[in-house]
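Heads up, the thing below is written out as structure tokens.
Letters go in sequence order (proteins before strands), and every chain restarts at 1.
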Amino acid sequence: MNVTSINARLMQGNQACAEGAIYAGARFYAGYPITPSTEIAEVLAERLPQVGGKFIQMEDEIASMAAIVGASLTGAKSMTATSGPGFSLKQENLGYAVLSEVPCVVVDVQRLGPSTGGPTAPSQGDIMQARWGTHGDHPIIAISPSSVQECFELTVKAFNLSERFRIPVLMMLDEVIGHMRERIIIPAPGELEIVDRKKPKVAPSQYVPYEPQDDSLVPPMANFGEGYRYHVTGLLHDDTGFPSNSPAVMGEHQDRLHEKIRRGLHEIIMVEEVQTEDADVLLVAFGCMARSAARAVKEARAKGQKVGMLRLITIWPFPEEALRQLAEKVKAIIVPEMNLGQVVDVVKSAVEGKVPVYGICQADGEIIPPERILEKIEEVL
Amino acid sequence: MNVTSINARLMQGNQACAEGAIYAGARFYAGYPITPSTEIAEVLAERLPQVGGKFIQMEDEIASMAAIVGASLTGAKSMTATSGPGFSLKQENLGYAVLSEVPCVVVDVQRLGPSTGGPTAPSQGDIMQARWGTHGDHPIIAISPSSVQECFELTVKAFNLSERFRIPVLMMLDEVIGHMRERIIIPAPGELEIVDRKKPKVAPSQYVPYEPQDDSLVPPMANFGEGYRYHVTGLLHDDTGFPSNSPAVMGEHQDRLHEKIRRGLHEIIMVEEVQTEDADVLLVAFGCMARSAARAVKEARAKGQKVGMLRLITIWPFPEEALRQLAEKVKAIIVPEMNLGQVVDVVKSAVEGKVPVYGICQADGEIIPPERILEKIEEVL
Amino acid sequence: MFAEIEQYFRTERLPHIWCPGCTNGIIVKSIVEAIQKAGLDQDKTVIVSGIGCSSRATGYLNFNTLHTTHGRALAFASGVKLANPELNVFVITGDGDCTSIGGNHFIHSARRNMDLNVILFNNNIYGMTGGQYSPMSPSGAKATTAPYGNIERPFDICNLAIAAGATYVARGNSFNTRQLTDIIYNGIANKGFSFVEAIASCPVYYGRKNKLGNAADMLKWQRDNCITKEAADRLPLEKKQGKVVTGILHHEPAPEYTTEYQKIIDKFQGGEES
Amino acid sequence: MFAEIEQYFRTERLPHIWCPGCTNGIIVKSIVEAIQKAGLDQDKTVIVSGIGCSSRATGYLNFNTLHTTHGRALAFASGVKLANPELNVFVITGDGDCTSIGGNHFIHSARRNMDLNVILFNNNIYGMTGGQYSPMSPSGAKATTAPYGNIERPFDICNLAIAAGATYVARGNSFNTRQLTDIIYNGIANKGFSFVEAIASCPVYYGRKNKLGNAADMLKWQRDNCITKEAADRLPLEKKQGKVVTGILHHEPAPEYTTEYQKIIDKFQGGEES
Amino acid sequence: MRDSWEIRLGGSGGQGLITGGIILAEAAILEGKQAVQSQSYGPESRGGSSKAEVIISKENIDYMKVRAADLLLVMSPEAAKKYVDDVKEEGIIILDSTYVKDCEPKKGKVYKVDISRIARQDVGREVVANIVALGVIVGLTGVVSQEALEKAILARVPKGTEEMNKKALAAGFQAIKSVVNAA
Amino acid sequence: MRDSWEIRLGGSGGQGLITGGIILAEAAILEGKQAVQSQSYGPESRGGSSKAEVIISKENIDYMKVRAADLLLVMSPEAAKKYVDDVKEEGIIILDSTYVKDCEPKKGKVYKVDISRIARQDVGREVVANIVALGVIVGLTGVVSQEALEKAILARVPKGTEEMNKKALAAGFQAIKSVVNAA
Amino acid sequence: MSSVAETTQQMPIAINLSWCKACGICYALCPVKVLGPDELGKVTVIQANKCTHCKICENHCPDYAISVVGGKKS
Amino acid sequence: MSSVAETTQQMPIAINLSWCKACGICYALCPVKVLGPDELGKVTVIQANKCTHCKICENHCPDYAISVVGGKKS
Ligand SMILES: Cc1ncc(C[n+]2csc(CCOP(=O)(O)OP(=O)(O)O)c2C)c(N)n1
Ligand SMILES: Cc1ncc(C[n+]2csc(CCOP(=O)(O)OP(=O)(O)O)c2C)c(N)n1
Ligand code: SF4
Ligand code: SF4
Ligand code: SF4
Ligand code: SF4
Ligand code: SF4
Ligand code: SF4
Ligand SMILES: [Mg+2]
Ligand SMILES: [Mg+2]
């Protein structure tokens, strides 16, 4: 018997996400079961106590989201996971985390349809909700893994970004990626970078909790219980953390929330380019659809068609720059996505008419097969 | 004393919305108080019993949304009203109403910020949430009144569209419009058209609840208790109403939900054009900002600048056609909105680079004054 | 029995999706028998459910049926009932649906005392999602999210219903079907919020995780561990220990919500000012 | 007193936003006195609140303070406490915040018995939004959304807490500040979920709508209509009618959640398999 | 009378200025004019400073907010500080001198009237200070007719308080007359 | 051995086909190959029909879904109907003849094996039908080595059931041998 | 409802095999072992004549697959 | 905290007028009418000498505007 990679294992995407969280230092999980995300909770219920962490099944998704924010304020890296219906319920408190700048990671394993929809059927239908699901203006970071290995590594990255920018980071899995099992190599401890929130350097009496100390505009964050007594609120507030009705203060607060992310774009944006150098047709894909698109690229190239792919790893903020540069070069863009048209409109808005943009939009619980993409390529070439 | 218009009254926007609901035939309201929408509940708590209708204050917004769907299934035209935080909570059950095609009207009186934000400060920050707030692909209709008179009349229209298309209709007020008082003339009974849901014409045994009977793709709707026993579910389902896991069925269901709205666009889309005939600069505005923009148009014209306005009355589905036609004619588009950039991106996506599009985006709890718009006009001219 | 099944079930949709040996089907039959006994008009009867295995029941029942979102059945049902008080409204819900995510609607519905008939299928587990613990899983029980045993204390949901204001509260189980039918029937007679906890068994998840034997073993457990309130009242404390008390636990009528509302309408309809 | 105020309040933020005569300020002082009496370290104490007039208290208190979303304070607090059980965690909440939108978190927190100290400011109304009825408004009371009088029955929230599993339940009011401080103090001593209902008055909305006189009149009402549990136990039934019973209503310790969780960690930490 | 008035009323929570603004707008509508009334609040629906704005015009009113006011009435020092500069050069400023001391506006014509004290002492209850204020405004400007104003007041105040409110209105008319005469 | 196998296993809820697919994939990984396993479910996590897919390859696997299968195993009539056409022309079809009767695929090479009956009667418990099936698949195709398969099985089955599972595996190997020989 | 044989005096038990899920409840609970499993575990009547019409099987079949005639109404 | 006068034997009641909201509770509850309203309704000391140090005023002032020295600790 020929056992080659002893570190290689077969692992499910959801499990890899859970293990990635532990690797990243997550020590708190609160959740409420929902297909197709439940395995994340189940793995962490078992694993967290083994590393001294806490797992709690809350009464619902609203409470779960609240609990991870509370936990994070004590310094615990915290996570919750859910799917569409639960993601909708978490929106209010997700907005709280954005406004009060509490790091945490929220996993949404996307399933089909609005409402209960098709609970076991895959989809990529929550992409726009990830951006706009909570009320009011707010920035967000959302990441989409395309393999089990990435479920692990991007979860680590999600925690890093969350701690770095004091913002909830969304891991937008889809049912295909969450439930499929494939080969993964678990990185050794220390192999991946781990980022922790910046702590205040001043004495408690000097601490102004929401006052940025550098150009990043991300204020250092004290944990509850460390002697820095401060106030956290979901009201718009000034740098001291106390609410204000002043338009100047409220406007500044909202602007800074966005601006800190804008300034961090170079750290946040992740894309992968596949054979884009000479591409005439660019596929823009993410999540499980990037796998189908990758196959399409391969088969199209085999036929001599110049096709490339821009894989969106970061979905929000949207990788506009990378896309715009490619839009200068290609003749057409095709966006295959498992929904009825979400990212395709964002792509359109970003390329501003420079090249024609086509969607392949399908929301029936099936992954869009390479064949359909290949057909479209034929059509636009 | 010179009393001219005896039918004229001073009325608050929220109250006009409530009175419009009664005029439209609404006989059920369930809600949970929240600033700045509370007056709608307060008015209806008093008024509904007077017309034989029901008001109930539920334990939260989730329950309120659920209750109006339940009530609507018995045939009662139903409404709820809320603001941002509550709107976030309603999203899951809003998606239920979309999927199961239950008519109802949801009012969101927009206030500032994500989370608790600035509860008494106006904003137009929930526009994208109105479109994408619930998980999964779904169509929606959203309407934005710009005057107290319109709060009344468009609420009637909202009920009509909701009954006509079997879809929840969102009334997107903003705090300015909801709280301001102005002169209103209450239409006489019969003066405005009232639309009721189409009832099945077949015998109960022949009733296939989700089978469209005509090109509108909107199936006739029986009310509970009328002898048509059928099943309503939030799962994707076939025409009989029973759930299915078949991709063909699930895909068709999702497609029909969108297609029925597409086919009804001519009934749904409402815009107002103000001095657009010869305009070089087009303002695109809605809600209270349309009032500020109207003043800007007037003052710009007074200076000899050719400025016009496209007022979006229907916001979702987005009036793309109307906009595209104007985009052919103008040299620049300015979108002043009280948020950090929502409709402006949709405008960009719609005009596909044909003319430059500028946003005036401000989210600080103040209405953007005509001065700022005038400045921008100077800038782009 | 097949005739009743034909009348009250959508037989073309049977067999139902429940696992072999799941007792949900038994409880549903008791509900239907109680409805039959009460002589309710199927056209005037609405059955509402949430999300869960048990909540799938509505799909099989030949009434006006409403399968809602997880935990919210009571809120939808309140809308149905208040909008049209002539309808008989039933709610079918699971222990997770009713007491976890739906707990708030539960206590408020009990408090308001709207005339709703609620049957909670208590299988001590989240069945539909594959065996996570619920607020009604016993302390120490194993579940996929309680691999080391549940450290939480379960609700006594009947007690909670009483404290929240329910005017009729009863408990039954899927073994003693006659009793179950009776207590549901009596609940229908109560004009107000009537709550029945029906002990169910989930052999596939709860049974397997907790080594409770097969479907028949779990039914026998119900038979052997439940005692009626009447019997319990006669027994000394030590003999009651560990037993689950069934029967009508509470019945204390109070003004019903829709009736009270109608009084307001009767008084103020047509008026312009309060 | 000014010295204690200086120590425990963020005096630079006073006067608070509450209306003249609102008794929220009185209750907050009792909380602070109980904390002082218990000798809790301010740095190790977290006070969590929801949204409402009463929930604005956290902004004035010199601790780690967390002003959350409407109804969710207990859920946030559960995260704080479980993540770091060394912290003393208090929750300040209103009758709407705790029992209406937050009702589910309330019953589940009581059931889990996490070591949280909850003080409910019960003014029988939604103050912050301008006077709508709450689940604790008495039947018949007027409110902006109950112009014809409230047809709902209010919760007896202490009873509900007990039924849900709270291990310490007490009621006080803003007149009898000594008692209020004492019952909060005793709640701190209970290792588990401790619940105190503090009767507050909202002269501006509840008082005005229901013609209860001015702020002082409303305080006098509390004085004249509350009796201690000890007194009540001695009185004949007819004399208790209509009186509100205050004092410690229930105290029955049970295993505390974070302690039980720690046992699991102690047993399985480092292990790979359960 | 002028074609259009932009009026701003500023004070603190309980002073009834929003009601005051509403009454003014209602009086205008009774006269067949256009009117828009808007306001800003403190936290949620309560407390803090409060501002009411009324625009009265013979024409349609597009923009509903007062920019530089034609008339400003302030009844608290905070409001005075906040709004006193947003007045037209030739605008009118009325200060409730019961609460607003040490305020010397740089522009506009200023009238100091002891409004709250008059309400409390002359009429008997401070809650009617807003009605006194309306009397002052209308007495000074005639933005609406005195009849329309009285009608609007009586239509809105709680039953049983009509006399007190009439008295307050009269006191307001009287007060401004004295101030103008004294000037 | 071929470079790549696309395998589809179809049946109903409780038959353990997903576990079967996982074991197959794990065996492949033990051999240093790439493997992807995916599945589809009935409503929420339970019941209904079930499908597991495994792709085993020496190369990186991009698309994770089986298109036309190299090998199809079906253990229920519904699954047979649903999947029997999505097989490559030269593909392999294994029917569990305990449940799948009257199925005559139009393409592929068909093997009928009485898998569930063998599990129930020869091994003693029908729950191990999936292991019998794995024996049949691997015995027929060698998609993974028999050693790797056994190792993967033993690593995943509950403690105390090792012997029964080994017996099931052996029965599977045996069964396909007989079928092939009989053919 | 698919084909179910008529019941008779000798065979008071009607079974709808297409609904039976082989859960084993009926034959585990039948006090006199009238019922038993077939080779797939589904219900089968072993000794009809012993049936007491107690209806325990009918009442506890979660799938409504059994109907017993005679005896008193349950 | 803004200026509050020192208390003395003769004047055991310290008042922080800037916090007082004129709610009237203290002077309505003071058993011996030591306290009363000023012209704006805020608290004022009318007859300091009668004070019994009962602290009812201090305990019930919702705005922490009164501090009474002497008497037993509340
Ligand atoms: C908002 C939301 N959260 C979670 C789920 C997933 N979910 C479906 S059913 C269920 C639990 C069902 O348990 P129970 O109510 O006890 O019903 P049972 O299946 O045991 O009959 C859960 C958590 C969902 N559908 N929606
Ligand atoms: C999700 C959500 N719904 C509604 C509101 C509006 N709201 C704020 S406070 C409140 C009620 C407050 O009542 P209570 O908890 O009794 O506190 P009080 O103001 O009486 O102290 C409501 C309904 C909100 N902020 N968020
Ligand atoms: S999982 Fe449990 S509760 Fe659900 S159908 Fe199966 S046995 Fe019944
Ligand atoms: S509204 Fe009522 S509860 Fe709120 S601060 Fe005022 S008096 Fe207190
Ligand atoms: S109880 Fe019903 S489903 Fe179970 S074996 Fe007997 S007949 Fe079949
Ligand atoms: S009726 Fe009774 S005796 Fe007859 S088969 Fe059924 S359980 Fe056995
Ligand atoms: S201490 Fe007592 S006596 Fe003295 S002023 Fe206060 S209330 Fe009056
Ligand atoms: S109780 Fe306090 S706030 Fe009220 S009048 Fe007295 S000192 Fe002022
Ligand atoms: Mg359950
Ligand atoms: Mg309250």
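- In this structure, no portion of C/His67 lies under 4.5 Å from any heavy atom of chain A.
- The distance from the CD atom of A/Glu39 to the OG1 atom of C/Thr129 is 10.0 Å, given to the nearest 0.5 Å.
- Only the side chain of A/Glu61 comes within less than 4.5 Å of a heavy atom in chain C; its backbone stays farther off.
- For A/Pro36, no part lies near chain C; criterion is any non-hydrogen pair under 4.5 Å.
- Summarising the geometry of A/Pro49 relative to C/Tyr148, their closest heavy-atom pair is CG-CE1, 3.6 Å, with the distance given to 0.1 Å.
- Neither the backbone nor the side chain of A/Leu44 has a heavy atom closer than 4.5 Å to any heavy atom of chain C.
- Atom OG1 in A/Thr38 sits 12.0 Å away from atom CE in C/Met128 (nearest 0.5 Å).
- Heavy atoms only, all atoms of each residue included: A/Tyr32 and C/Gly96 are closest at OH-O, 3.9 Å.
- With hydrogens and angles ignored, the 3.5 Å screen pairs a side-chain donor or acceptor of C/Tyr133 with a backbone N or O of A/Gln57.
- Separation of atoms OG1 (C/Thr69) and CG (A/Leu89) is listed at 8.0 Å; rounding is to 0.5 Å.
- In this structure, C/Ile51 and A/Thr116 approach most closely via the heavy-atom pair CD1-OG1, 3.5 Å.
- The contact between C/Thr68 and chain A is made entirely by backbone atoms, counting heavy-atom distances below 4.5 Å.
- Proximity of A/Asp60 to C/Asn104: side-chain heavy atoms (C-beta onward) are nowhere separated by under 4.5 Å.
- Of the possible polar contacts, none joining the C/Thr145 side chain to the A/Glu42 backbone as a donor-acceptor pair under 3.5 Å is found.
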